[in-house]
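In what follows, a single structure is set out as structure tokens and then discussed.
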Protein chains: 2
Amino acid sequence: MAKRGSYAKGVAKREEILTRALEVVAEQGFRSASVREIADAVGLSQAGLLHYFGTKEQLFVEILRKRDEVDLVRFTHDPDSPAFIREDYAAVIEHNSEVPGLVELFSRMSVEAADPEHPAHDYFVARGEAVRTTFAEALRHRQEAGELTDAIDAETLARIFQAVSDGLQVQWLLDRDVDMPGAVGALFDALASPPPPRRP
Amino acid sequence: MAKRGSYAKGVAKREEILTRALEVVAEQGFRSASVREIADAVGLSQAGLLHYFGTKEQLFVEILRKRDEVDLVRFTHDPDSPAFIREDYAAVIEHNSEVPGLVELFSRMSVEAADPEHPAHDYFVARGEAVRTTFAEALRHRQEAGELTDAIDAETLARIFQAVSDGLQVQWLLDRDVDMPGAVGALFDALASPPPPRRP
DNA sequence: GTCTATACCTAGATAGAC
DNA sequence: GTCTATCTAGGTATAGAC
């Protein structure tokens, strides 16, 4: 029997809102990032929307979480395959250029969340760690296979790749002609060889 | 004879305000980035400050310009020397970790300025181009000297280094333990060798 | 040139009807 | 659960006195 005040329904509605919000932000950007605009877009009043998410920041973090969730199943294949880091990563970056609003939301919030008191702070810290861990592992495999320089440790390299992709996003927001996948691919290639003998 | 309404004085005062604002933001951060806070800090009323700068955005762009100006004379040595890119760049990054407020201001505004209508848009576009041009030239010299891989062209590499430093700043804002100069140095080292022979 | 005071706006949060 | 209406806060910009 359904619970009193059945709140499975509330959860489902939340998910529905998030999915819709994700589409809207992706397509139309998020302009001034007001709750009201998201509310209009998902077909609710501002108060109606806040009923589900409490505060503005919580709403936006949830949108980013939902994005991660969707991207994860969409883009993650076998982390052990050689294609994982090179191709899947490129695919994510390529995909990002189709969702400028999400890139903007992400970039903006990641700076605002610098303050430890910010409601999104923990999200960004945890996400960063997760990303770097996954990356480092995949990179280490490539190093062990001799396909990637070991002149630099996998953890640092993971951090660098994270920085490159975040930094390129900012450049790209400023100028949509910036070729994000091209730049990342080029870096990857440049690092793809083992270090040379001291003197050939 | 001094001009009527002598405005050399106004310019001097502007400079004075900017210099002071730079110090204040560098040291104390810029919290919520309101005009009032800067005004308090430089010892003017909010209205008094806007008398000099017109709008909030203009004020903030001017602060960033002033920062560039100061850093330029402070950190730029001979662009032809081998130390230029490796050491001077590291010095700038090292210095940045002593001025968190400026890093935050810069990072935040660079995202907000994505909109072509934003008053700081042109500043960021021009600055990015200038940075990359300077970098690319220095990197090309290193390549020609055989000290840096030429598996990747200098322009792309310049873009990547820009992305790395912007991206690391965001990571560092989130977690002050991040070693920015260390990561950049490691990347530089990893790229420091020419590509190896096909099979040793 | 600088201040005080205030107008005005935007936006998030809340109360209460339905 | 959702809306309308309203409250409140905070911030920029401006008017006008000194």
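Proteins come first, then strands; the chains are lettered A, B, ... in the order of their sequence lines, and each starts at number 1. Atom set for the values below is all heavy atoms of this structure, side chains included, hydrogens, waters and symmetry mates excluded.
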Inset, instruction - Under 4.0 Å between any heavy atoms, over every strand shown, what does A:Ser34 touch: base, sugar-phosphate, or nothing? Just pick one. - result: sugar-phosphate

Legend entry - Check: A:Phe53 ring centre within less than 6.0 Å of A:Phe60 ring centre: no

Legend entry - B:Phe53 CZ to D:dT12 C1', straight-line distance once rounded to whole Å: 16 Å

Inset, instruction - Write down the distance between CD1 (B:Ile38) and P (D:dG11), rounded to a whole number of angstrom. - result: 12 Å

Inset, instruction - Using the salt bridge (charged side-chain N to carboxylate O under 4.0 Å, His left out) rule, collect all pairs that involve residues 155-164 of chain B, keeping only residues at least two apart or in two chains. - result: B:Arg140-B:Glu155

Inset, instruction - Figure out the CG/C1' separation between B:Leu59 and D:dT12, and round it to whole Å. - result: 12 Å

Legend entry - Interatomic distance where CG belongs to A:Leu44 and P belongs to C:dG12 [whole Å]: 15 Å

Legend entry - Inter-residue atom distance B:Leu102.CG - B:Gln169.CD, 0.5 Å rounding: 10.0 Å

Legend entry - Whole angstrom value for the distance that separates P of C:dA11 from CD of A:Glu37: 8 Å

Inset, instruction - Can you sort out the partners of A:Val125 under side chain to side chain contact (heavy atoms under 4.5 Å, CB included), two or more places apart, ordered by chain and number? - result: A:His121, A:Glu129, B:Leu174

Anything under 3.5 Å between a donor and an acceptor, one on a side chain of residues 20-27 of chain B, the other on a protein residue two or more places apart or in another chain? List them.
from    : atom 1 : to      : atom 2 : distance (Å)
B:Arg20 : NH1    : B:Glu23 : OE1    : 2.9

Legend entry - Separation of A:Leu191 CG from A:Gln143 CD (nearest 0.5 Å): 9.5 Å

Inset, instruction - Could you state the atom-to-atom distance from NE2 of A:His51 to C1' of C:dG12 in whole Å? - result: 17 Å

Legend entry - Ring center gap for B:Phe161 and B:Phe188 short of 6.0 angstrom: yes

Legend entry - Stretch residues 109-117 of chain A: residues that reach within less than 4.0 Å of DNA chain D through a heavy atom: none

Legend entry - Cluster companions of B:Val73 among Ile, Leu, Val, Met, Phe, Trp, Tyr (side-chain spacing under 4.5 Å): none

Inset, instruction - Going 5' to 3' through nucleotides 13-18 of chain C, assign each nucleotide B (protein heavy atom under 4.0 Å from a base atom), S (under 4.0 Å only from sugar-phosphate atoms) or - (no protein heavy atom that close). - result: BB----

